[in-house]
4 protein chains.
Amino acid sequence: MIKAGIVGGTGYTGVELLRILARHPDVAITAVTSRADAGVRVDTVYPSLRKLVDVSFSQPDIDTLADCDVVFFATPNGTAMQMAEALLERGVKVIDLSADFRLQDVKEWQQWYGMTHACPDLIKHAVYGLPEVNRAAIQQAQLIACPGCYPTAVQLGFLPLLEQGLIDSDHLIADVKSGVSGAGRKAELATLMSETGESFKAYAVSGHRHLPEISQGLSLAAGQAVQLTFVPHLTPMIRGIHATLYARLQVGAENIQALYEQRYQNEAFVDVLPQGAHPDTRNVRGSNNCQIALHQPQGGNTLVILSVIDNLVKGASGQAVQNMNLMFGLAETTGLEIVALYP
Amino acid sequence: MIKAGIVGGTGYTGVELLRILARHPDVAITAVTSRADAGVRVDTVYPSLRKLVDVSFSQPDIDTLADCDVVFFATPNGTAMQMAEALLERGVKVIDLSADFRLQDVKEWQQWYGMTHACPDLIKHAVYGLPEVNRAAIQQAQLIACPGCYPTAVQLGFLPLLEQGLIDSDHLIADVKSGVSGAGRKAELATLMSETGESFKAYAVSGHRHLPEISQGLSLAAGQAVQLTFVPHLTPMIRGIHATLYARLQVGAENIQALYEQRYQNEAFVDVLPQGAHPDTRNVRGSNNCQIALHQPQGGNTLVILSVIDNLVKGASGQAVQNMNLMFGLAETTGLEIVALYP
Amino acid sequence: MIKAGIVGGTGYTGVELLRILARHPDVAITAVTSRADAGVRVDTVYPSLRKLVDVSFSQPDIDTLADCDVVFFATPNGTAMQMAEALLERGVKVIDLSADFRLQDVKEWQQWYGMTHACPDLIKHAVYGLPEVNRAAIQQAQLIACPGCYPTAVQLGFLPLLEQGLIDSDHLIADVKSGVSGAGRKAELATLMSETGESFKAYAVSGHRHLPEISQGLSLAAGQAVQLTFVPHLTPMIRGIHATLYARLQVGAENIQALYEQRYQNEAFVDVLPQGAHPDTRNVRGSNNCQIALHQPQGGNTLVILSVIDNLVKGASGQAVQNMNLMFGLAETTGLEIVALYP
Amino acid sequence: MIKAGIVGGTGYTGVELLRILARHPDVAITAVTSRADAGVRVDTVYPSLRKLVDVSFSQPDIDTLADCDVVFFATPNGTAMQMAEALLERGVKVIDLSADFRLQDVKEWQQWYGMTHACPDLIKHAVYGLPEVNRAAIQQAQLIACPGCYPTAVQLGFLPLLEQGLIDSDHLIADVKSGVSGAGRKAELATLMSETGESFKAYAVSGHRHLPEISQGLSLAAGQAVQLTFVPHLTPMIRGIHATLYARLQVGAENIQALYEQRYQNEAFVDVLPQGAHPDTRNVRGSNNCQIALHQPQGGNTLVILSVIDNLVKGASGQAVQNMNLMFGLAETTGLEIVALYP
């Protein structure tokens, strides 16, 4: 059994890790930390886990965590970078769900995240945990930077085209809609039911932290810098991300549907729907799947790519477990064979 | 492998059976019928089941269904009674999720359901599929009448008290709230998002079909006829039932919390919360659990019992699979170890 | 023009007062206070009021407020009692939407609200602002204690029966469901969309602060102490309260429907629906109406009364304006002729 | 008093007309037709209108309707064109909320709407009822083609730029999100709460009927044909449209914020927010307002325009009343001074 620890177990990505790992056949959850709730049983805070998780929250202590084989950071940005090095030195694999190791350019990171990076030298050793791109590197990695939710949906949607150079990479648009759980489990006015229910809005249009992360990934795929306009929106639902992507096809680009089907044919968690389908976020709710569909309205040269995920699963904790499976040589789908909850 | 058929696979209890059975280690889904969608792949109608259910809807044909070991009826009332006898005669076990075999008094059934029963003689052979009451009989049964969603939540809430004669059974009140999926997957004005979203109402206060079913079960437990006022409500959410039950304690009734804990201590799917807790429907969403909590406000003699289930799981398809497991000698929890989806 | 001030303008009852008063033909809003947002334009915080409310939040200063003809307190409990006396002394009418002056028994108040009352002598001068009971006193009042949202829905539902002594007042049950805006505009985990959306729960079953307020009102109507079990629930919607009330009819009690119609025939904001109807909270959303319907299931002696209001209007700010209209000799409906927003 | 008739009073735009007109000081509602509900009181179907609308639904009879001064068609497409001519001949002004007279090119209309137009000659006499563009013509019109909901939000968002030739009109993108009431009050699976709640999807990406209507309006504004990619989405809320518009600025285009403020400075119902704001659909819910904000992310040449309306008000019935006010020489805002319902 893999001994797994979770730092920051009281947020939504933390409890989602617990939901998945509680049924993972090869994992024993040995430590779940929370400064605020240390000493409290996990299933008191999360009654959905009664009879499943028989531990209490503990203080985030390096010595305790060092007994784990793998430690997940489901923490706010800025925490993992304080503890990762010590754990790695003691042979613990680290999977960071926060943004601390996602950007290879530390200056850009510091600009967007507004703090000094605590261990800039470690960044180059971190592997960006998008298995559909970096599978081989993940298998060898000691430190994983798990992708953000928006970046996962957008990258999986654009990758096949950029890898083949089939679109104008100077004018990409990603209009993306997220459920409110993406904002985390924090006491804030903006995500109250009375503020977000029955309403819809864009936010952070001038610049969202996921923009440099997406641009980095897309540029790597394209082999050159891309120009992306990224507009996130808050949707009155709890889980789900729907990315609507717009790209202009290069002259002569053809058989896009076949390209996508081929690109993802061996991927367990990326599912290309028949041409003209409309993926619905409910069809991936609670599962680790990404569903993608392609449209070319009025036969013009603007391609519309629709890409949906559950922000807490493929967009966070499910993808983290997918990375763990790869790192420990398990079947990639172990523990992730969860069917989406419809209706 | 148990060969399972589902009649009426396009409703919410049908697709929920598919969600559960698709991952059940001992079941192969061999037939899913739908008159309207015959010939169409199941995962075309339900993209959440892509890569999981590789069959098409077929016509509800007795000969095809007779090849199954067990057939689930996830049909409107009045269908199972037309086909059950023929299947039973050919050795197929039948689990009916509709109301056709729930009431032992056929006259009462005909009055509430407004039709003539097609096979009244079969009713007495049907076992009411509430494992927490009828486990032994279910293990021997060929025909199961699966309880309704409201009846499951209400009976599990009242049973310990009535079995022990600790409450005044002449003045029971069940104020119950359901998500809209309980109304089924039917094109109707009343359950449109625009009609049920952001609103709350009672319905069928003058008499709901689940009243005689609940009364039958409670009277059996009490050993005498009970008097119940049952008020169902429609809640602006998709899944979940919350029963708020009111009963007057007999003089001297004590240790109610301990009674409940003892009554359900060996039940995998009934969980008595600490005294004073407030169960939340989200904590059982997608799972087969019932969570119960007890309150005695201001120390008076009115007991308030809170009982929550997912109407589509413990209130329908999960309970049906629980029955199937018992009928086939499997561990009762097989295929039902699904963690609730929070948030 | 009546010069109106609002203390605590950044909460939901505050902004709801602004919504109503912005179109009130006889009112000029002259001061809106908020410690946190002093100096900020009201329509910056509430863009729904752009072009309608041309003031900025100010500090809650007695001298400024003393220029008003009436001051509304849309504040947390414990604020109005600090300022009311000074305003009353300077001839300003005070309408308190909080609980500071609702309970005539100051000891009971202190027990439920956990603080020492700042001006206990003022309590007896406060008029409980339920116009359907206290209209004459309200017209003469200088200080109004506006009823809570639950108390309004429950009292209007029970009053006709208690006034006539037609029910067993020792066993009243009020099972009440509220939208989340009733919890106020506060940064709290419990009312996040991710916590309250798609879920339903009871809360404060052991004792809610509105219990003594309801009991006080019902006992006054009955002419004797009543015994009430009150269970509030949180519903996944923003606005609306649905009270489901249970009472046992005295022998010989008849013509209850006619009694209710007669009792409320001259009330502009209480509407008795035809017998057997099911009021829906959406039908009063945004309006000052209370809709009530009566049921006697199975012809038994348990009466079920359904009573719905918008918690922020008839349950708070609309009722406050109704009180103001009475205090200033205006038509009671002035500014309140707002049609419910359906769908 | 203007005698107003409504054909098709049982849909959402019909009941929304009733909500607005019931309080309009210059209108008497004299006929509300519905084939299905003829003879039934309007307030039986819509209890939100009790005490406000004292008529019953009637059959859609030309002679009855001819007594009106104005008749609104809140009907499915294809009905108004059958009756408009007869009413116009008898001197009745007609305001059609359906699509029958929106497209000047009858061939294109027939292609998108799949039927033969009943009165093609009348089309050229119809005035497209977007007051911000056609105010003078509306004042003189006998027949108004009220804009669709998507077209209203998108046109108001793009107009200032196209009128001034400041953007590349060959590559416009409109990513638009609508609440489910836009689908109408029809018994359909796709808009059930269980299907649309807690989920998000695009639909009709290959071609939506509002595309030619939007293109017609934008081309008129631009003075040349524009190329638009239009992707509508279904959002889990009842009311509201949020248009996210993308356009590439021509070299040298500047002071866009000032341009918008100037363009709409005299418009009562179009409100340009401060640069960088994020309009929220709740802030216009129930009101006739359009709120617009502008962004130029990272200072690039892609302009992002955010435009929100309530689809049933400015996107349908409110705009229809705005047209009526203009046609009858009333102040344009009469009866439309409704404050948005927040929260």
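Per chain, numbering begins at 1; letters A, B, ... match sequence-line order.
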Nearest heavy-atom neighbours spanning A:C290 and A:I309: CB-CG2, 3.6 Å
Quick check, are the ring centers of C:Y150 and C:H208 under 6.0 angstrom apart? yes
Taking only heavy atoms into account, what residues of residues 232-245 of chain A are found under 4.5 Å from chain C? A:P236, A:M237, A:I238
Side chain of A:S307, backbone of A:I292: donor and acceptor closer than 3.5 Å? no
Looking at every non-hydrogen atom in both residues, tell me the closest pair between C:A277 and C:L306 and how far apart they are. O-CD1, 4.0 Å
With a sphere of 6.0 Å drawn around CG of A:D54, does it hold more than 12 non-hydrogen atoms of other residues, nucleotides or ligands? no
Check whether any side-chain N or O of C:D310 sits under 3.5 Å from a backbone N or O of C:G286 as a donor-acceptor pair, and report yes or no. yes
